[in-house]
Amino acid sequence: MPAALSLRVLLRAGVLCDHFPKNRPGGSVPFFVVGVIFIISVMALLVFGIPFVLQSPLRARGVHCYATVARKSIPKDGKIDVVFAYVTADRKRFTITRFGLSYVPQGAGVIYDPLNPGRSEFVDAVPRNPRRRRIFLIVTAGVAVIALALLCAGLLV
């Protein structure tokens, strides 16, 4: 389905609402609610799932270190962009940037991948309880699959 065909366009055209008989009271309301639940669950999977998957090497073999402020810049919007530098175990220096800060901290905790030291993340950005995040993502995926099945069943009626 092309991106131009949004839910609003389909609702205005009557494509989604015509699949339910007109004599059924509130026939399109459950379909709309299930569609909204599906969209919210897919968005939650994208927002929380992609960083979780990208951080898996850091959780498996990450090394914690402390990064110090290397440089800072203040763009026109007034928020501060800070570049932090950290040194790996083999004495190589890498940087990681944090955008939009309201103050300049002294330093920050960083976790990096020893096989690829350029892949790093701030410690406070990595979930503290990955098991809980994994359960949340599995339940959200289940809700999305059930909502999709209900939407398909509603279209076939």
**Message:** Before you tell me yes or no, could you show the steps for Ile138 and Phe136 under side-chain contact (heavy atoms from CB on, under 4.5 Å), namely the whole-Å CA-CA distance, both residues' side-chain angles and the distance that decides it to 0.1 Å?
**Reply:** CA-CA 6 Å; Ile138 290 170; Phe136 169 75; over 6 Å; no

**Nearest heavy atoms of His64 and Val123, plus distance in Å** = ND1-CG2, 3.7 Å

**Prompt:** If you take all heavy atoms of Ala125 and Gln55, which pair is closest and at what distance?
**Reply:** O-NE2, 3.5 Å

**Request:** Following the transitive rule for hydrophobic clusters with a side-chain heavy-atom cut-off under 4.5 Å over Ile, Leu, Val, Met, Phe, Trp and Tyr, establish whether Val42 and Val34 coincide in one cluster.
**Result:** yes

**Asked** Cation-pi between Arg119 and Phe94: NZ/CZ under 6.0 Å from ring centre and within 45° of the ring axis?
**Response** no

**Request:** For Asp113 and Pro57, work out which heavy atoms get closest and say how close.
**Result:** OD2-CB, 4.0 Å

**Message:** As an exercise, state the distance from CD1 of Ile50 to CG of Leu137, rounded to the nearest 0.5 Å.
**Reply:** 10.5 Å

**Prompt:** With side chains defined as the heavy atoms from C-beta onward, is the minimum distance between Phe38 and Leu151 less than 4.5 Å?
**Reply:** yes

**Message:** If I take atom CG from residue Asn129 and atom CZ from residue Arg134, how far apart are they, to the nearest 0.5 angstrom?
**Reply:** 9.5 Å

**Asked** Are Leu54 and Tyr112 in one and the same hydrophobic cluster, where Ile, Leu, Val, Met, Phe, Trp and Tyr link if side-chain heavy atoms are under 4.5 Å apart?
**Response** no

**Fill in**
To the nearest 0.5 Å, atom CD of Glu121 lies from atom CG of Leu58 at 7.0 Å

**Flag if over 12 foreign heavy atoms under 6.0 Å of CZ, Arg71** = no

**Asked** Under a single-linkage definition using a 4.5 Å side-chain heavy-atom cutoff for Ile, Leu, Val, Met, Phe, Trp and Tyr, are Ile111 and Phe52 assigned to the same hydrophobic cluster?
**Response** no

**Prompt:** Considering only heavy atoms from C-beta outward, does the side chain of Lys92 approach that of Pro117 to under 4.5 Å?
**Reply:** no

**Request:** Identify whether NZ of Lys or CZ of Arg in Arg98 sits under 6.0 Å from the centre of the six-membered ring of Phe122 and within 45° of that ring's axis.
**Result:** yes

**Asked** Quick one: do Leu101 and Val69 end up in the same hydrophobic cluster if we chain Ile, Leu, Val, Met, Phe, Trp and Tyr together by side-chain heavy atoms under 4.5 Å apart?
**Response** yes

**Item:** Which atom of Gly109 lies closest to which atom of Tyr66, heavy atoms considered
**Value:** N-CD1, 4.4 Å

**Message:** If the threshold is 4.0 Å, N to carboxylate O, is there a salt bridge linking Asp81 and Lys72?
**Reply:** no

**Request:** Drop me the distance from Thr88's OG1 to Arg93's CZ, to the nearest 0.5 angstrom.
**Result:** 11.5 Å

**Asked** Of all heavy-atom pairs between Lys79 and Gly100, which one has the smallest distance, and what is that distance?
**Response** CB-CA, 3.6 Å

**Item:** Option passing side chain to side chain contact (heavy atoms under 4.5 Å, CB included) with Ser41 (candidates Val145, Val139, Thr140, Ile146)
**Value:** Thr140

**Message:** Can you confirm whether Phe84 sits close enough to Val82 that some side-chain heavy atom of one is under 4.5 Å from a side-chain heavy atom of the other?
**Reply:** yes

**Message:** Side-chain heavy atoms nearer than 4.5 Å, only ILVMFWY residues, links allowed to pass through others: does that put Val126 and Val110 together?
**Reply:** no

**Request:** Working to the nearest 0.5 Å, report the span between CZ of Arg133 and CZ of Arg59.
**Result:** 9.0 Å

**Prompt:** What's the verdict on side-chain hydrogen bond (donor to acceptor under 3.5 Å, both in side chains) for Tyr86 and Ser120, showing C-alpha distance, side-chain angles and the deciding distance?
**Reply:** CA-CA 10 Å; Tyr86 61 95; Ser120 60; 3.2 Å; yes

